[in-house]
Amino acid sequence: MTESLNADPRNGGAPRCPLRDGAVPLYEQAGALDGGLWEELRSRFGRVAPVLLEPDLRAWLLLGYEENLHVLRDRSTYSRDTRRWNEIRDGRRVLGAELRPTMSYRSSALYADGAEHARLIAPIDDALSRLSDARIRAEATDVADRLIDDFCEHGRADLIGDYAMMLPAMLMNRFFGLEDAYGYVLGELSAGLWLDDGARAAESVAQMRNYFGGLVQRKRSAPGDDVTSRMMAPEFGMSDEEMADQLVLLVGAAHLPTSNLVGNVLRALLAEPATAREFASGALPLNDLVNHVIWTEPPLPMLAARFPTRDVVVGGTPVAAGEPLIIGFAPAHADPRLGRPSGAGGSALDSGSNSAHLMWGAGEHRCPARSLAERVVGIGVRRLLDRLPRLRAAVPADELAWAPALFSRGLVELPVLFDPVEAPQREVPAPPPAPSGPAPEERPDDLLTRLLRWWQGSGRNRRPAGE
């Protein structure tokens with residue numbers, strides 16, 4: 001670090017850490033992250049702001065578009081490996097002190113750089129590339145229709161819990177090679193990771209490990225035509241632990257950002273009259289509407305984290321090697337130097353809804369599931385609008401609440417009303433004939449079976465067992 005960064009003239013030149021000087025407790029404003037906050041931080045700190053993600057977790061938040069893009073692209077200077085995190089305590093640097101879940105390390109491509117990242121991301125890229133457009137469209141449409149069937153006769157629904165949160169989880173579960181019953185489990189567990197209830201979130205983490213551990217076990221013994229089996233191909237040489245971590249990464253990239261984006265697009269259509277009119281008239285294509293929402297209400301407002309491999313200056317701010325830099329998608333999109341109208345209430349046409357946003361990342365760690373997510377959002381929104389006549393908000397726009405999370409921007413609920421429609425009759429496949437002889441014993445290591453039974457008995461399942 002430079003001398004000005006190390007020495008504090010107000011304290012006799014004693015060493016100090018700038019992250020401890022006026023760091024903003026961002027965690028106190030979870031759920032209220034908006035353009036006003038980013039403007040305030042810019043006025044106080046410039047292009048980079050010292051923040052607290054938790055009471056004892058300090059970091060730098062990148063506020064400028066150019067600064068975010070530079071850090072995302074420069075892989076030689078800014079590492080994704082959280083083991084580089086350096087915490088300053090009592091004037092000395094401690095490596096990896098008390099890592100929090102948001103900064104913890106796993107053996108997945110998300111936390112790797114260079115050749116190791118290339119090795120770990122290869123099976124994900126290969127498996128996703130083998131999902132044809134026809135298969136994605138057919139599966140996404142079928143999942144969307146089945147979810148809509150559950151509430152279309154009621155005339156009311158919560159488009160977050162009943163639809164947006166479940167759609168990508170159900171779809172990814174199918175691509176993983178499991179029955180829909182496990183998709184409901186996956187959706188509930190993924191949502192639980194972001195709850196304020198610490199005990200419930202911890203339980204979701206533990207059960208998520210069971211889900212992916214059990215999935216890997218099943219596919220080792222019975223591979224199929226699915227993403228999991230393809231990732232486990234011998235040429236990739238993935239261990240069971242690496243496989244589980246890769247699948248956690250994949251569902252993390254494909255589930256919550258997609259769920260939030262579906263919900264935020266639907267919110268824009270229901271709560272922004274100008275946007276709804278432009279979309280209904282055909283002046284605003286669906287792709288441009290999605291880009292408008294990403295600019296104004298990105299489903300991930302921030303992303304943790306990058307770590308400088310040496311002392312650097314970012315946006316005029318000295319940052320020491322190993323100090324965490326938080327990627328600020330939302331503040332970057334509201335950067336006044338871009339000359340874009342800010343705020344969700346403006347016209348999507350006036351905002352020039354282009355795809356130069358940062359939502360899917362850039363450089364080595366760009367999102368591997370971008371194409372899949374974009375197609376799922378388009379199909380999910382269009383299918384809902386096509387099937388529900390006179391879809392309208394059930395509450396005023398100012399009563400909609402954002403979930404209290406720093407790294408996620410999505411509504412708690414989106415209650416709607418519509419004209420009830422009859423659910424189509426679906427063929428129920430006949431059960432397979434009962435095998436002769438004694439019933440096989442359940443394998444004691446079948447984590448998925450035990451997970452499904454736990455979920456069915458937890459009181460949280462909203463679907464019939466085995467559906």
Hey, could you give me the CG/CG distance between L385 and L266, rounded to the nearest 0.5 Å?
6.5 Å
Look only at the side chain of T141 and the backbone of A138, and say whether a donor-acceptor pair between them is shorter than 3.5 Å.
no
Heavy atoms of I294 and M359 approach each other most closely as CG2-CB, 3.4 Å
If you apply the rule side-chain contact (heavy atoms from CB on, under 4.5 Å), what do you find for R84 with T309, and how did you get there?
CA-CA 8 Å; R84 292 180 177 272; T309 58; 3.6 Å; yes
Return yes when atom CD of E139 has more than 12 non-hydrogen atoms of other residues, nucleotides or ligands closer than 6.0 Å, and no otherwise.
yes
When rounded to the nearest 0.5 Å, the distance separating CZ of F418 from NE2 of H154 is 8.5 Å
Closest heavy-atom pair and its distance - P299, L261
CB-N, 3.8 Å
Report yes or no: does D125 contribute a side-chain atom to a donor-acceptor pair with the main-chain N or O of P368 at less than 3.5 Å?
no
For the pair T77 and D74, evaluate side-chain hydrogen bond (donor to acceptor under 3.5 Å, both in side chains) and give the outcome as yes or no after the intermediate values.
CA-CA 6 Å; T77 305; D74 187 351; 2.9 Å; yes
Steps toward side-chain contact (heavy atoms from CB on, under 4.5 Å) verdict (I160, V412)
CA-CA 7 Å; I160 302 302; V412 176; over 6 Å; no
Report yes if some heavy atom in the side chain of I327 is under 4.5 Å from a heavy atom in the side chain of L61; otherwise report no.
no
Kindly check if the number of other-residue, nucleotide or ligand heavy atoms within 6.0 Å of CZ (R375) is above 12?
yes
Hey, could you give me each pair passing side chain to side chain donor-acceptor pair (under 3.5 Å) that has a residue in residues 247-261? Not counting sequence neighbours.
S190-H255, H255-S259, N260-S408
E153 side chain to A423 backbone, donor-acceptor under 3.5 Å:
yes
Looking at side-chain heavy atoms only, is the closest gap between R146 and M170 below 4.5 Å?
no
Y65 and D335 have their tightest heavy-atom pair at N-OD2, 2.9 Å
Under 3.5 Å: donor-acceptor pair, side chain of N173, backbone of E179:
yes
Do other residues, nucleotides or ligands put more than 12 heavy atoms under 6.0 Å from R209 CZ?
no
Got P331 and L41 here, is their nearest side-chain heavy-atom distance under 4.5 Å?
no
No-hydrogen, no-angle side-chain donor-acceptor test under 3.5 Å, E272 and H292:
yes
Does a salt bridge link D149 with R387, judged by any charged N lying under 4.0 Å from a carboxylate O?
yes
Considering residues, nucleotides and ligands other than R220, do more than 12 of their heavy atoms fall under 6.0 Å from its CZ?
yes
So do the side chains of Q246 and F236 get within less than 4.5 Å of each other, counting heavy atoms only?
no
Heavy-atom donor-acceptor pair, E374 side chain to S371 backbone, under 3.5 Å
no
Between T449 and R218, does a side-chain hydrogen bond (donor to acceptor under 3.5 Å, both in side chains) hold up when you go through it step by step?
CA-CA 11 Å; T449 299; R218 285 203 180 177; 3.1 Å; yes
Measuring from Y184:OH to M166:CE, what's the distance to the nearest 0.5 Å?
6.5 Å
Take a 6.0 Å sphere around CD of Q29 and say whether it holds more than 12 heavy atoms from other residues, nucleotides or ligands.
yes
Any residue meeting side chain to side chain contact (heavy atoms under 4.5 Å, CB included) with R156, in chain and number order, not counting sequence neighbours
L417
In this structure, are over 12 heavy atoms from other groups packed under 6.0 Å from D225 atom CG?
no
List the steps, then state whether side-chain contact (heavy atoms from CB on, under 4.5 Å) holds for F176 with K219.
CA-CA 9 Å; F176 289 156; K219 294 303 173 181; over 6 Å; no
Can you name the closest pair of heavy atoms from L358 and N68 and give their distance?
CD1-CB, 3.7 Å
Counting only heavy atoms not in E422, do more than 12 sit closer than 6.0 Å to its CD atom?
no
Answer yes or no: is there a side-chain heavy-atom contact under 4.5 Å between L37 and L26?
yes
Close side-chain approach of R366 to W360, heavy-atom, < 4.5 Å:
no
If you measure from CG on L452 to CG on L178, what distance do you get to the nearest 0.5 Å?
10.0 Å
Is it the case that the ring center of Y78 lies less than 6.0 angstrom away from the ring center of H70?
yes
Rounded to the nearest 0.5 Å, what separation is found between the OG1 atom of T82 and the OH atom of Y111?
6.5 Å
Side chain of D158, backbone of L414: donor and acceptor closer than 3.5 Å?
yes
CG of L249 to CD1 of I124, rounded to nearest 0.5 Å, is 4.5 Å
Could you tell me if the side chain of P298 sits less than 4.5 Å from the side chain of H333, heavy atoms only?
yes
Side chain of R119, backbone of H117: donor and acceptor closer than 3.5 Å?
no
Does the side chain of Y163 reach to within under 4.5 Å of the side chain of D150, using non-hydrogen atoms?
no
Any idea which heavy atoms bring V262 and A164 closest together, and the distance?
CG1-CB, 3.9 Å
Might you work through the side-chain contact (heavy atoms from CB on, under 4.5 Å) test for L250 and F175, ending with a clear yes or no?
CA-CA 11 Å; L250 184 51; F175 291 152; over 6 Å; no
Taking NZ, NE, NH1 and NH2 as the nitrogens, is one of them in R80 or D113 under 4.0 Å from a carboxylate oxygen of the other?
no
Do you know the tightest heavy-atom contact between A127 and M231?
CB-CG, 3.7 Å
Output yes when D142 and R174 qualify as a salt bridge under the 4.0 Å nitrogen-oxygen rule, no when they do not.
yes
Check whether the side chains of D226 and S229 place a donor and an acceptor atom closer than 3.5 Å, and report yes or no.
yes
Tell me if a side-chain donor or acceptor on E364 pairs with a main-chain N or O of G114 at a distance below 3.5 Å.
yes
